[in-house]
Colleague: 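So that we are looking at the same thing, I have put the structure below in structure tokens.
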Amino acid sequence: MEFNFSEIEKKWLAAWEQNGTYQVSNQSDRPKYYVLDMFPYPSGSGLHVGHPLGYIASDIFARYKRLKGFNVLHPMGYDAFGLPAEEHAIRMGVHPAISTKENTERYREQLESIGLSFDWSREIRTSDPSYHKWTQWIFTLLFEHYYDKKADKAKPIKELVAYFEQNGNRDLDAATTYEELFSAEDWAAFSRKEKDEVLMHYRLAFRSVGTVNWCEALGTVLANDQVKNGLSERGQHPVELRPMTQWFLRITAYADRLLEGLKTIDWTESLKSIQRHWIGRSEGALVKFDLQGLEEQLPVYTTRPDTIFGVTFMVLAPEHELVDRITTPEQKEEVNQYVKYVAGRSERERNAEVKDVTGSFTGGYAIHPFTKKPIPIYISEYVLKDYGTGAIMAVPSDDERDMAFAKKFGIEIIDVIDKSDYPNATLSDKVGKVINSDFITGMEVPDAIEEIIKRVEAMGIGRRGVNYKMRDAGFSRQRYWGEPIPIVYDADGVAFSLPLSELPLELPDVPEFKPTADGQSPLGRAVDWVNLPDGRKRETDTMPGTAGSAWYFMRYTDPHNNDAFAGKEAIDYWQNVDLYVGGSEHAVAHLMYSRFWTKFLYDLGYINFDEPFKKLINQGMIQGIIEIAFLKKENGKIRFISADMVDNRKDFSEFFVPIEFVSDYGKETSYLDEEGLRKFAAWNVDFAKATFEMKDGYFKDGQFTPTKEGGQCRFVTHSEAGKMSKSRYNTINPDDIIAEYGADCFRMYEMFLGPIEQSKPWNTNGIDGISKFLRRFWALFYDADGKWLVTEDAPSPEALKVLHQTIKKVLFDMERFSFNTCVSGFMVAVNELRKLNCHSKEILEDMVRLMAPFAPFITEELWTKLGHEGSVHLSSYPDFDEKYLVKSSIDYPISINGKKRAVVPFPADASKSDIENAVRSLEIVQKWVGDKEIKRLIVVPGRMVNVVV
RNA sequence: GCCCGGAUGGUGGAAUUGGUAGACACGCAGGACUUAAAAUCCUGUGACUUCACGGUCGUGCGGGUUCAAGUCCCGCUCCGGGCACCA
């Protein structure tokens, strides 16, 4: 009987669904194991072959754990809110809910066809009101809590208000941006609006002014990566930075815990280091400088208080609120111009300018706290408003940027650190001996840092300070297709969160999905929805994509619960994710927010774990091959030139060729034949009249004309590895591969491509090998005429050895997520069993169970044929027995001076001295030793022998 | 510039963590079956050298440690990813 995969796959997909084979219960005696994939955004183009790589790996592991006796939660869902659906809506007028639904259904079909063992009864969509109800609920909790640094956890705002009523904000240690002190009486005297403003500085979800990339022409706010050189990527319109009141999440309150938590989780070192850098914790001091002629002081943050005697100027961020007051009338003009110049530059540009420092003198002076000398104050774009205090004490001798600035503006440079004892130290290393620095001269840098901090604390002008690069997270989007922020404002503009009873707050229907003229989100168009009957108004911003994905893994534990984000029992049972698989492009955004929300919900006692993902594997990207055709436009005519005739590609324009037209796709020699050229020319109207020049002739108007006798029509295309995407016309659809080779083959092939974390270009060069392997495996059970070959005979010792070796290898490889080597292990086993002519049921049954996680369809079919009632996927995983692995003799490689010269078998129990003596008398050894003498003879039992001459 | 990864046959990749480099697969070559082809099966396949037995070289480059290095150490080159006036 032939191995007919399409029939088998269809049959078992239906059976698994009907039997609920992969449904998992929240009640079990088995230990739990939670395997999760980063859920996809369901785009209109469906899955390509790159997506399933991680899904297949995690599915194999989930199936493996299930067979190993765990109760495995392995769900899937969709990150269904997002920009592409909204842009599609703006262009095509289709409601995002409709296109999203269509796309998710297509994804579901594709995912099922791969044979992934998801419990589809737990499927979620972040855009479903039943789901986003709880996203909104968590937002209201963030709004109703502040961060108590003493208790090191989130606490209710109510408690904060009670504290204010008693004590004002004296002796309060909370995460806040509020600077002033107030008493209980002050608090009582504050208006409702003033109280609201004060509390906003404490809430974990709060409103504040942030700058956004505003594009007037598009009438919308753009993300950083949609802006290039100050112009919108789409349409090339000018983009300006505009201050806008926005919602933020106070993630910085959790900075330390997010940093510390990294120590407890099993992620790749690179991922952890990305997060560490993102958090960017630094230790230093806050020092306040007096200002000449002003009451106020200027606070600066520095990691190098020891260099304070080297300060020769100060620099403020151009947006710093003190700039206006410091600037003298004479400098006003220049400063205003500079501020204006900086405002016109995007954050990217400001950061990209490294060589050429710019700035402007304000005319104002600060007073050095120790020397009492006046220090000129400048503004410059290299100081960022949002980092530290937005102002620095500049030490040109010990900081490259300060140095460049001082040189440009002719400012004095005082050497304060002598690094001659540390020849390898760089400028930024905190080592050296302090010089030219009054009372700290002669100290080592670390001691000097301590001494200055002690002094400024004693003088009451400073304190030790910790600073983070990480900023509070902008949480507002002026978009339609996201969770509405569940906030209403009363007539005074005081914000209130909606109670749970009023959630979910669903998206209103809007006449148009574009933003309003004044920059409000499209929700602003739903006038009746925004304006409540009692005069209150709704917030019109929506949440970003990271909101729904920050907690989705919890929802899978109890996806249909309408009374809680997840039932207490369910979430306590499943807890956090044991294995999380996804791309490293989510290193900061998604993974950081998820960790933050988890810690917050932990603080509130809703969950009993404070990290979402215990182990995380980054799957590599599967790249596509981009096929490029070179062309020239002359007098409005298009000439395509075959790539093998192109010397310098810079002389030509380039065009992506849809890969389905290309022969020998992915190879250097890839080309368009006559048929391909016809299709390509017909595909784009501009090309219908084009000429295609190649070595043997030319192609025009659907006709090939050879210029050489017997010339072949081969228009060579240039092949290049790159991202797989719709716009490059190079996506490869898993459906086609599955139709041709079957899902088992597709699964195994993706694994066989190499280690899971590695990126690699997609090609089907080796897929035949897997296909052959599966047919050979099948052939152990059925011969070509469909005769059942499996016997009840006792297996031979050789066959047992092959089986148990394979089990051992596969178990070992599974535990280290080395799926590619598992596949070669199976191949070796099948090759061996074939040679041994083994058809023993005992052996084959174990092989079926062993391979079940990789090839779920063929194994299920054979399992039934072997006479089993239940599913192989609910059976158990085989284990190996060392007794079958004992070798009677071991082949020892014999090396002479480290070079292998022979392989000699010795009994497995041969003693070291037995082997030594035997080796000495070996002919080959004699030959190599010759008339020299053996200096040393090393025998590593069970491994090898090395003779040193 | 800084911080992480990586580099092994024609190709994808293996190597039990210092112990037979190149498993497995693709590709290629030769052969069997066939009227022929496909499919299938068998054999060979790192390079150089040799009629052959064999020998020499060989894991990006240059050093080192060791009886023994793809694996450890030092110094580079190239490729991929992340961060980048962060005070």
Side-chain angles (χ1 to χ4, degrees), chain A residues 268-278 280-282 284-285 300-304 307 314-315 317 350-355 357 380-384 386-395 398-402 404-405 426 428 467-471 584-585 587-588 618 620-621 667 748-749 752-755 757-761 763-770 772-773 775-776 779 784 808-809 812-813 816 818 820-831 834 891-903 935-940 942-949:
Chain A
T268 59
E269 208 33 60
S270 85
L271 205 56
K272 287 191 193 183
S273 103
I274 290 171
Q275 291 219 337
R276 252 181 241 122
H277 280 113
W278 187 262
R281 184 181 196 273
S282 71
V300 299
Y301 173 74
T302 175
T303 56
R304 295 300 302 273
T307 61
M314 312 289 281
V315 187
R350 286 178 63 173
N351 291 348
E353 194 64 72
V354 182
K355 283 185 212 122
V357 251
S380 173
E381 64 177 355
Y382 84 80
V383 175
L384 306 175
D386 293 323
Y387 186 76
T389 61
I392 60 161
M393 55 176 232
V395 185
D398 225 54
D399 181 290
E400 257 174 80
R401 297 149 311 149
D402 295 349
F405 196 89
T426 63
S428 57
N467 206 19
Y468 300 92
K469 265 198 263 190
M470 183 165 72
R471 300 174 203 171
S584 58
E585 66 271 22
V588 274
N618 286 128
M621 200 168 57
K667 292 187 187 152
M748 280 196 145
Y749 182 60
F752 191 61
L753 241 28
E757 332 69 64
Q758 223 163 75
S759 287
K760 51 226 148 192
N763 65 66
T764 49
N765 289 348
I767 200 164
D768 281 334
I770 302 284
K772 266 188 232 170
F773 157 75
R775 273 174 282 154
R776 282 176 192 164
K808 189 176 178 180
K809 178 188 173 50
F812 179 75
D813 288 349
R816 57 190 187 119
S818 176
N820 56 326
T821 53
C822 287
V823 177
S824 39
F826 297 140
M827 289 176 168
V828 171
V830 169
N831 290 346
R834 225 157 59 99
D891 288 343
Y892 279 83
I894 312 294
S895 296
I896 284 118
N897 285 341
K899 279 199 197 311
K900 185 188 70 168
R901 295 299 176 185
V903 177
K935 261 204 219 155
R936 238 175 115 183
L937 209 152
I938 292 144
V939 177
V940 184
R943 285 239 182 256
M944 49 81 66
V945 178
N946 193 11
V947 183
V948 186
V949 179

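Note that the structure is a prediction, hence the values are computed from the model and not measured. Sequence lines set the chain letters: A, B, ... in the order given, protein chains first and strands last, and positions in each chain run from 1.
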Colleague: How many whole angstroms separate atom CZ of A:Phe752 from atom P of B:A23?
Modeller: 12 Å

Colleague: May I ask you to evaluate whether A:Arg834 reaches the phosphate of B:C41, defined as a side-chain N or O under 4.0 Å from OP1 or OP2?
Modeller: yes

Colleague: If you only use heavy atoms from C-beta on, which nucleotide in B:G12, B:A14, B:U20 is closest to the side chain of A:Pro755?
Modeller: B:A14

Colleague: Closest-nucleotide mapping onto RNA chain B: is A:Ser282 or A:Ile938 further toward the 5' terminus? I mean the 5' end.
Modeller: A:Ile938

Colleague: At 4.0 Å (heavy atoms only), tell me whether A:Lys935 reaches a base, stays on the sugar-phosphate, or touches nothing.
Modeller: nothing

Colleague: Round to a whole Å and report the spacing from OH of A:Tyr387 to C1' of B:C83.
Modeller: 14 Å

Colleague: For the side chain of A:Ser273, starting at C-beta, report the closest nucleotide among B:A14, B:C86, B:C3.
Modeller: B:C3

Colleague: For the C1' atoms, the ones on B:G55 and on B:U50, what distance do you get once it is rounded to whole angstrom?
Modeller: 8 Å

Colleague: Taking the chi torsion of B:G70, is it syn (within 90° of 0) or anti (everything else)?
Modeller: anti

Colleague: Check every strand shown and say whether A:Ser824 touches a base, only sugar-phosphate, or nothing at a heavy-atom separation below 4.0 Å.
Modeller: base

Colleague: Using a cut-off of strictly less than 4.0 Å, decide whether A:Asn765 has a side-chain nitrogen or oxygen near OP1 or OP2 of B:G10.
Modeller: no

Colleague: Does A:Tyr301 put a side-chain nitrogen or oxygen below 4.0 Å from OP1 or OP2 of B:A87?
Modeller: no

Colleague: Would you mind classifying the nucleic acid contact of A:Val940 as base, sugar-phosphate or nothing, using non-hydrogen atoms under 4.0 angstrom?
Modeller: base

Colleague: Checking contacts here: which listed nucleotide (B:U40, B:C26, B:A68) is nearest the side-chain heavy atoms of A:Arg775?
Modeller: B:U40

Colleague: Which nucleotide in the list B:C24, B:G13, B:A87 gets nearest to the side chain of A:Leu384?
Modeller: B:A87

Colleague: Which whole-number value in Å describes the distance from A:Asp768 CG to B:A25 C1'?
Modeller: 11 Å

Colleague: Taking the side chain of A:Asn820 as heavy atoms from C-beta outward, which of B:C67, B:A14, B:A25 is closest to it?
Modeller: B:A14

Colleague: Kindly point out which of B:A15, B:U17, B:C67 is positioned nearest to the side chain of A:Arg943?
Modeller: B:U17

Colleague: Whether the side chain of A:Asn946 and the base of B:C67 hold a donor-acceptor pair under 3.5 Å is what I'd like checked.
Modeller: yes

Colleague: Given B:C26, is OP1 or OP2 found less than 4.0 Å from the side-chain N or O atoms of A:Lys772?
Modeller: yes

Colleague: Starting the side chain at C-beta, find the nucleotide from B:C4, B:A39, B:A25 nearest to A:Arg776.
Modeller: B:A25

Colleague: To the nearest angstrom, how far is A:Phe405 atom CZ from B:C85 atom C1'?
Modeller: 12 Å

Colleague: Considering only side-chain heavy atoms of A:Ile392, which listed nucleotide, B:A87, B:A25, B:G19, is closest?
Modeller: B:A87

Colleague: Rounded to whole Å, please give me the gap between CG in A:Asp891 and P in B:U16.
Modeller: 19 Å

Colleague: On RNA chain B, nearest-nucleotide positions of A:Ser584 versus A:Thr303: which is more 5'?
Modeller: A:Ser584

Colleague: Checking side chain to side chain contact (heavy atoms under 4.5 Å, CB included) for the pair A:Arg816/A:Thr821: CA distance, chi angles, key distance, verdict?
Modeller: CA-CA 11 Å; A:Arg816 57 190 187 119; A:Thr821 53; 4.1 Å; yes

Colleague: For B:G60, give its Watson-Crick or G-U wobble partner with both distances under 3.5 Å, or none.
Modeller: B:C76

Colleague: Does B:G55 have OP1 or OP2 sitting under 4.0 Å from an N or O in the side chain of A:Arg901?
Modeller: yes

Colleague: For B:U66, does the glycosidic angle fall within 90° of 0 (syn) or outside that (anti)?
Modeller: anti

Colleague: Is there a side-chain polar atom (N or O) of A:Arg401 under 4.0 Å from OP1 or OP2 of B:C86?
Modeller: yes

Colleague: If you only use heavy atoms from C-beta on, which nucleotide in B:A68, B:C4, B:C24 is closest to the side chain of A:Met827?
Modeller: B:C24

Colleague: Kindly point out which of B:A87, B:A25, B:G13 is positioned nearest to the side chain of A:Gln758?
Modeller: B:G13

Colleague: Working to the nearest 0.5 angstrom, can you tell me the gap between A:Lys900 NZ and A:Met944 CE?
Modeller: 11.0 Å

Colleague: In whole Å, what separates the C1' atom of B:C33 from that of B:C24?
Modeller: 27 Å

